[in-house]
Amino acid sequence: MKDRYIYHILNANASHLSLQIVTAILLRSAHKHFFILIGEKNKKELYDKIFLENNKDNYLYFSSFKEFRKSSSFVQKKDCILMHAGSYLWMLFFFIHQYRNVNWICWGAGMVLSKRLLSKCSFIVKYLLYNWFNSVVVLMTPELEYARKVYHIKNVFYIPYIGIKDPLSGYSENRIIDYVNTQKKNSKAVIYLGNNSHCISSYLPLLDTLYHLKDKIEIHCMANYSLNPNNASYLQLKEKGKKMYGDDFVIHTEFYELKDYPNFMSCCDVYICGAERQTGLGAIYTLIRLGRKLYLAGNNLSFIKESGYIVHSCNELNNIEYENIVDFPLKDRLYNFKLIKEEMNDSKAIDRWEKYYDFIILQ
């Protein structure tokens, strides 16, 4: 059973996620895997490096899905295919060409319906595709219920991704205690708006919501991944933020490697993510482990609260006083830290993924 390949298809442009996913599978799975990476040519060397470091060559890199289609005959229609997110054009290709064992990992946005007419019209296509997949994996429990109740998907699994080398493994409760004890009462609170450039539309109203605190806070917008510098929302954010907050407004566009990510996130005092869809679980988990205060919305808020963590709703931010936005008792910070330390048990996650791979190979 483990002699059969599982063909993983990933968007290589989402390198902040895909690099970690590929590395975790290479290091921690006993099954045979082959990776089909599709992205811009300048991303290829990032993936070449991790396969070289792990002494593996079980991958092919394509600069476009069109290029993959021309060479796709090496993947047989009976082969086991696992798509990590991916576009609907990719899905339709495998559907039209009658591949028989295609599985999909939902990264959140594709599952939820909005009130927009386009979203409602696309429901039928989504419904047919999602039920055509042999199985669907979701990364958050709200999507699990959505998949079952709205799309009536039978083979749907909730399995969080496995971590890789943990840059926070040496962090303890003492770090949180030290942070609380050294907070400067007279300095401006550093507020991160997260999680990435795809969330910029949610940053814009938050600038207005927080404006009454402008003399007491710094606004740092996370746009670290997949930023289009000519995007209209980005240009609007850049202009509006500087006009409203001056030098206390910063947009972060740098790409941080995993080992450097905690240092970047530790500069944050308060994290706000106003996106309704699932996004930025890595940022959320990192900041919980760092003992920071979080304001969330939508699926993120539902999932993190259901998991038992003490977090706050973005609805609380309207006319909030400065003391209330920054105040977060030490006992709550330490409670969150203890809970996430218990939850992040990689051995359990590895076992669940291995059983899932057994399941899809047999289909």
Side-chain angles (χ1 to χ4, degrees), residues 1-12 14 17-18 21-39 44 47 50-51 54 56-107 110-111 124-139 143-144 147-148 151-162 349-363:
M1 185 165 56
K2 288 184 170 64
D3 290 336
R4 291 184 60 192
Y5 273 108
I6 298 168
Y7 289 87
H8 297 262
I9 302 181
L10 298 103
N11 176 4
L17 296 173
S18 295
I21 293 166
V22 171
T23 306
I25 295 170
L26 288 174
L27 291 174
R28 302 193 172 189
S29 177
H31 285 77
K32 292 179 72 174
H33 302 275
F34 193 93
F35 299 89
I36 298 166
L37 305 164
I38 302 169
K44 184 176 182 296
Y47 296 89
I50 62 169
F51 281 95
N54 288 280
K56 302 283 186 180
D57 60 359
N58 51 328
Y59 74 108
L60 286 173
Y61 194 98
F62 300 93
S63 59
S64 68
F65 193 73
K66 182 179 180 181
E67 184 182 343
F68 163 71
R69 288 202 317 264
K70 292 178 180 178
S71 310
S72 61
S73 59
F74 72 93
V75 183
Q76 303 298 307
K77 293 185 178 180
K78 64 180 180 179
D79 285 334
C80 180
I81 296 168
L82 182 55
M83 295 181 60
H84 298 253
S87 74
Y88 290 99
L89 289 176
W90 298 12
M91 298 177 188
L92 286 169
F93 169 81
F94 293 110
F95 176 78
I96 291 169
H97 289 83
Q98 300 180 333
Y99 283 79
R100 298 194 290 273
N101 187 4
V102 182
N103 307 272
W104 178 53
I105 300 175
C106 173
W107 285 7
M111 192 67 70
I124 296 174
V125 176
K126 288 182 177 182
Y127 189 95
L128 291 171
L129 281 172
Y130 295 174
N131 281 279
W132 168 74
F133 290 128
N134 276 321
S135 71
V136 172
V137 173
V138 296
L139 306 176
E143 275 74 39
L144 183 64
R148 288 172 174 167
Y151 293 96
H152 305 115
I153 303 170
K154 293 180 180 178
N155 291 328
V156 57
F157 303 83
Y158 162 60
I159 318 176
Y161 275 125
I162 302 167
I350 291 168
D351 183 59
R352 290 171 72 182
W353 276 108
E354 292 299 283
K355 288 178 179 177
Y356 174 70
Y357 294 146
D358 287 340
F359 172 78
I360 61 176
I361 285 174
L362 285 171
Q363 299 302 300

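- In terms of the salt bridge (Lys or Arg N to Asp or Glu O under 4.0 Å) criterion, Lys77 has no residue partners (sequence neighbours excluded).
- A search for side chain to side chain contact (heavy atoms under 4.5 Å, CB included) contacts involving Asp351 returns Lys355, not counting sequence neighbours.
- Counting heavy atoms from C-beta on, the side chains of Tyr47 and Ser18 come closer than 4.5 Å.
- Closest non-hydrogen pair, Ser29 versus Glu354, comes out as OG-OE2, 2.7 Å.
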Criterion side-chain contact (heavy atoms from CB on, under 4.5 Å) on Leu60 and Ile36, from CA distance to verdict: CA-CA 5 Å; Leu60 286 173; Ile36 298 166; 5.5 Å; no
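- Take Tyr158 and apply the side chain to side chain contact (heavy atoms under 4.5 Å, CB included) test, not counting sequence neighbours, and it matches Val138, Thr141, Leu144, Pro160, Phe303, Arg352.
- Put simply, the residue from Leu92, Val102, Val136 that forms a side-chain contact (heavy atoms from CB on, under 4.5 Å) with Leu129 is Leu92.
- Residues satisfying the side-chain hydrogen bond (donor to acceptor under 3.5 Å, both in side chains) criterion with Asn11, sequence neighbours excluded, are absent altogether.
- For Ala147, the side chain to side chain contact (heavy atoms under 4.5 Å, CB included) criterion is met by Met111, Ile153, Val156, not counting sequence neighbours.
- When all heavy atoms of Gly39 and Tyr61 are compared, the closest pair comes out as C-OH, 3.3 Å.
- Note that NE2 of His84 and CD1 of Ile9 are 9.0 Å apart. Values are rounded to the nearest 0.5 Å.
- By the 4.5 Å heavy-atom criterion applied to side chains, Ile25 and Ile6 are not counted as neighbours.
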Derivation and outcome, side-chain contact (heavy atoms from CB on, under 4.5 Å), residues Asp79 and Phe34: CA-CA 11 Å; Asp79 285 334; Phe34 193 93; over 6 Å; no
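- Within the 3.5 Å criterion, the main-chain N or O of Tyr151 finds a donor-acceptor partner in the side chain of Asn131.
- Taking OG of Ser73 as the start and NE2 of His97 as the end, the distance is 11.5 Å to the nearest 0.5 Å.
- Phe51 meets the ring pair (Phe, Tyr, Trp, His ring centres under 6.0 Å) test with Phe35, Tyr59; sequence neighbours excluded.
- Nearest heavy atoms, Arg4 versus Cys80: NH2-N, 4.0 Å.
- Residues Ile38 and Ser64 come closest through the heavy atom pair CG2-C, 3.6 Å.
- Scanning for side-chain hydrogen bond (donor to acceptor under 3.5 Å, both in side chains) contacts around Gln76 gives an empty result, with sequence neighbours left out.
- Remark: Phe133 pairs with Trp104 by the ring pair (Phe, Tyr, Trp, His ring centres under 6.0 Å) rule, at least two apart or across chains.
- Distance CZ/Arg28 to CD1/Ile350: 5.0 Å, rounded to 0.5 Å.
- Every residue two or more places apart in sequence or in another chain was checked for a side-chain hydrogen bond (donor to acceptor under 3.5 Å, both in side chains) with Lys56, and none qualifies.
- Summarising the geometry, atom CD1 belonging to Ile361 is positioned 10.5 Å from atom OH belonging to Tyr356; distances are rounded to the nearest 0.5 Å.
- Using a 4.5 Å heavy-atom cutoff, the side chains of Val125 and Tyr88 are not in contact.
- In terms of heavy-atom proximity, Ile360 sits nearest to Asn101 at O-ND2, 2.8 Å.
- The distance from the CZ atom of Phe157 to the CD1 atom of Ile105 is 11.5 Å, given to the nearest 0.5 Å.
- Partners of Tyr99 by ring pair (Phe, Tyr, Trp, His ring centres under 6.0 Å), not counting sequence neighbours, listed by chain and number: Phe94.
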Phe62/Lys70 under side-chain contact (heavy atoms from CB on, under 4.5 Å): CA gap, chis, key distance, verdict: CA-CA 10 Å; Phe62 300 93; Lys70 292 178 180 178; over 6 Å; no
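- Listed by chain and residue number, Phe68, Trp90, Phe93 satisfy the ring pair (Phe, Tyr, Trp, His ring centres under 6.0 Å) test with Phe65 (two or more places apart in sequence, or in another chain).
- Considering only heavy atoms from C-beta on, His31 comes within 4.5 Å of Asp358 through its side chain.
- Every residue two or more places apart in sequence or in another chain was checked for a side-chain hydrogen bond (donor to acceptor under 3.5 Å, both in side chains) with Ser72, and none qualifies.
- Residues Asn134 and Asn103 have side chains that never bring a donor and an acceptor to within less than 3.5 angstrom of each other.
- The number of heavy-atom neighbours closer than 6.0 Å to CD1 of Ile124, taken from other residues, nucleotides and ligands shown, is 12 or below.
- In this structure, CG on Leu26 lies 6.0 Å from CG on Asn58, to the nearest 0.5 angstrom.
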